[in-house]
Amino acid sequence: MTAQPIITFHDGHSIPQVGLGVWQTPQEIAAPTVRTAIAAGYRHIDTASGYDNEEGVGEGIRSSGLDRKDIFVTTKLRNTDQGYDNTLSAFDGSLKKLGSDYVDLYLVHWPSPHRGLYTETWKAFVRIREEGRARSIGVSNFCPEHLERIIGETGVVPVINQIELHPDFQQKAAQEAHRKLGIATESWSPLGQGKFISNPVIGEIAGKYRKTPAQVIIRWHIDTGLVVIPKSVTPSRIEENFKVFDFKLDAADMAAIAKLDDKSARMGPDPYTANF
Ligand code: NAD
């Protein structure tokens, strides 16, 4: 197997480009799911306080046979824990649940603009990073206006913004805005929650490489320079989704997929108006 690619952040740390997403992975199966992924070669797990499975993720890593330092772990702050002091205590809670004294990446899950707390929250993130308890800090679902505000008030640029991004919702403007700021882009719901697997353009490309549609979509994220965190709890799919390092899409494939972009294809909430 070809070595898995990494993306280096502006703070010097790096992240394996493909990780396992564990949203909607129940606590009781999180540990075996994480172990399966690590055995398949994954070295990056994406969880969140709001997924209620941090204990299972931590247990899966501890029982994987690898050292904690060999796995890149992301977790996220629950929206209801925003605010300076709340963030500090919520972060302690996440570390405790994960059974670790640090995370590789801590993300503000949503800006939740109606709370008016994301700047104070970001200041707490800066402190957590200065204390070395999060190696890197970033955000999720932040729009350009939210990014400008936290950078303007703290001078600290997030290393990454994790946003909804799949072949029919490519977020090209956000990708470009991130590039200008030195922020990596990470795709959530990279497979369109599985609904995009049957797209005929993807199917044709899959046939050409004798790969599955899921593998083609994951490869598209990699070849676009994105961090990608497909989710599955099915061992065969977890393995399939990681066998993406022995082929590369060509310019014609990339051009065909570029045409699938549809600005109205957002599946999740709009971060400007999401009131949770
Ligand atoms: P996804 O796009 O990764 O799709 C997952 C679904 O696709 C699976 O449940 C399954 O139905 C299907 N699937 C997976 N592998 C397949 C395969 N090989 N063949 C056929 N079907 C397959 O969806 P997701 O879980 O929404 O997103 C991935 C991860 O992104 C999450 O687990 C989470 O870590 C993260 N996420 C973050 C946010 C955020 O607000 N930051 C929001 C949503 C998701």
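For this chain, numbers begin at 1 and follow the sequence in order. As a basis for the values below, the full set of heavy atoms in this structure was taken, side chains included, without hydrogen atoms, waters or symmetry mates. Start at 1 and go down the list; that is how both ligands and their atoms are numbered.
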Is a side-chain N or O of R68 found less than 3.5 angstrom from the main chain of G58, in a donor-acceptor match?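 A pair under 3.5 Å: no.
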
Under 3.5 Å: donor-acceptor pair, side chain of D168, backbone of A265: no

Between L107 and T75, is there a side-chain heavy-atom distance shorter than 4.5 Å? no

Distance-only donor-acceptor pairs under 3.5 Å for side chains of residues 206-214, two or more places apart:
from	atom 1	to	atom 2	distance (Å)
K208	NZ	D250	OD2	2.9
K208	NZ	D253	OD1	2.7
Y209	OH	K248	O	3.4
Y209	OH	D250	N	3.3
Y209	OH	D253	OD2	2.4
K211	NZ	K243	O	3.2
K211	NZ	D246	OD1	2.9
K211	NZ	D246	OD2	3.4
T212	OG1	Q215	N	3.2
T212	OG1	Q215	OE1	3.3
T212	OG1	E240	OE2	2.7

Considering only heavy atoms, which protein residues lie less than 4.0 Å from any atom of ligand 1? G21, V22, W23, D46, Y51, K76, H109, W110, S140, N141, Q162, W188, S189, P190, L191, G192, Q193, G194, I197, A214, I229, P230, K231, R237, E240, N241

I would like to know whether R43 and D104 meet salt bridge (Lys or Arg N to Asp or Glu O under 4.0 Å); could you show each step before the answer? CA-CA 12 Å; R43 296 292 178 266; D104 296 276; over 6 Å; no

Less than 6.0 angstrom separating the ring centers of Y118 and F142, yes or no?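 Y118 vs F142: aromatic centres under 6.0 Å.
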
